[in-house]
Amino acid sequence: METFDLSLIWAVIIAFGVIMYVLMDGFDLGLGILFPFAPDEDARDVMMNSVAPVWDGNETWLVLGGAGLIGAFPLVYSILLPAMYIGVFLMLAGLIFRGVAFEFRFKSRRTRTWWNAAFAGGSFVAAFAQGAVVGAYIEGFETANRVFTGGPLDWLTPFSVITGLGLVAGYALLGATWLVLKSEGHVRDWARGLVPRLLVGVVVVFAIVSLWTPWIDPDVWERWFDHLQVIWLLPALALACVIGVYAANRKGRELMAFLLTLGMFIFTYLGLLVSRWPYVIPPDYTLWEAASAPASQFFLLIGVLFVVPIILTYTAWSYWVFRGKVRVGDGYH
């Protein structure tokens, strides 16, 4: 256990779990955000059926990241949860609403409009809360003696509102490129037409957050601007993905557009994380100060080494089995 840094390994595992959740569940939430704007009820059926076989498994990554966090870095829970109770509650409430609506909408007829609204509203609230929580994390927390000393609404600031709305737009873009990949006919044409407009919105928010982030803390400014850094490759690669998404969408390269949208998320999130590295509770506590005992981390790591390959395997298999287009009238319920 002394020959390698368990805290660093766990940080990588948790970051991987969070990114996988964002990528796997992001387009699912994005479809819900786009739900009210769908051209007709057939399009909504296609949207839901495109993710029906896989949406439950996508949230496995959220559970993995959350469980790993409490086991490897218990101080994070004791500070961040009191700081962001309302944001986390809104996220979970949104996920519950959309999960219930997902199942009931398939069976309902007279109340379908209400379930449509619940699915869309839950998706928007969950996406916004996730983005706001990320923004609050980047800004940091007031702490004293390893206890959160701020107020219950400290997580809701102009910066966190921008990151919340940015994630809503980003998930909507991810949902649109997924729908282009998985649909055909008028549904695909409608989704393809949304991509450029959503891309503009995402780029605007990306620019605002990128320019705003270095002003949050002198250490963040120093990391980005004191001298040329390799980390500038991250926003450069995110911008390259933006250009690639636009070009691929115009040329009808559906899979490439979707994959490049995933790339945008990866490089943007890595850029935000690097801004605060190695603080897991910025601006006071580093990765190692928040860690649990090495023996506890090692015990958990043994289980993760078995679980993660299984999750990756069944996830890949699910997407392979249910590959291809979803047509109007097709369904899994």
Is there a donor-acceptor pair closer than 3.5 Å between any side-chain N or O of [X] and the backbone N or O of [Y]?
X	Y	answer
Thr163	Gly131	yes
Asn49	Asp45	yes
Lys325	Glu184	no
Arg44	Phe35	yes

Minimum-distance pair of heavy atoms, taken over all atoms of [X] and [Y]:
X	Y	answer
Ala257	Val245	O-CG2, 3.8 Å
Cys241	Gly263	SG-C, 3.8 Å
Ser123	Gly32	OG-CA, 3.4 Å
Ala118	Ala101	CB-CB, 3.8 Å

Indicate if [X] and [Y] have the same hydrophobic cluster label, given that clusters are the connected sets of ILVMFWY residues with side-chain heavy-atom separations under 4.5 angstrom.
X	Y	answer
Trp114	Phe97	no
Val125	Met91	yes
Leu237	Phe206	no
Phe37	Leu165	yes
Leu301	Phe299	no

Should [X] and [Y] count as side-chain neighbours, where that means a heavy-atom distance under 4.5 Å?
X	Y	result
Phe267	Pro235	no
Phe128	Leu90	no
Met264	Val202	yes
Glu41	Asn116	yes
Leu34	Leu198	yes
Val134	Leu167	no

Candidate pair Val187 and Asp42, rule side-chain contact (heavy atoms from CB on, under 4.5 Å), full reasoning: CA-CA 9 Å; Val187 180; Asp42 285 340; 5.9 Å; no

Check ion pair Arg192-Glu254 (N to O, under 4.0 angstrom): yes

Stepwise side-chain contact (heavy atoms from CB on, under 4.5 Å) check, Ser50 with Leu31: CA-CA 10 Å; Ser50 70; Leu31 291 177; 3.6 Å; yes

Heavy atoms from other residues, nucleotides or ligands near CZ of Phe104 exceed 12 (cutoff 6.0 Å): no

Nearest 0.5 angstrom please: [X] [atom1] to [Y] [atom2], how far?
X	Y	atom1	atom2	result
Leu179	Leu194	CG	CG	8.5 Å
Leu305	Leu300	CG	CG	11.0 Å
Met84	Leu156	CE	CG	12.5 Å
Ile33	Phe124	CD1	CZ	7.5 Å
Thr177	Leu262	OG1	CG	7.0 Å
Asp28	Leu95	CG	CG	9.5 Å

Pair Val100-Phe119, side-chain contact (heavy atoms from CB on, under 4.5 Å): steps then yes or no: CA-CA 8 Å; Val100 173; Phe119 183 68; over 6 Å; no

Residues Asp40 and His186: side-chain donor-acceptor under 3.5 angstrom: yes

Centroid separation Tyr171 to Phe265 less than 6.0 Å: yes

Gln130/Leu29 under side-chain contact (heavy atoms from CB on, under 4.5 Å): CA gap, chis, key distance, verdict: CA-CA 11 Å; Gln130 287 178 21; Leu29 287 166; 3.8 Å; yes

Whether Phe27 and Trp178 hold their rings parallel, tilted or perpendicular, with breakpoints at 30° and 60°: parallel

Worked verdict on Trp155 versus Ser160 for side chain to side chain donor-acceptor pair (under 3.5 Å): CA-CA 7 Å; Trp155 64 278; Ser160 67; over 6 Å; no

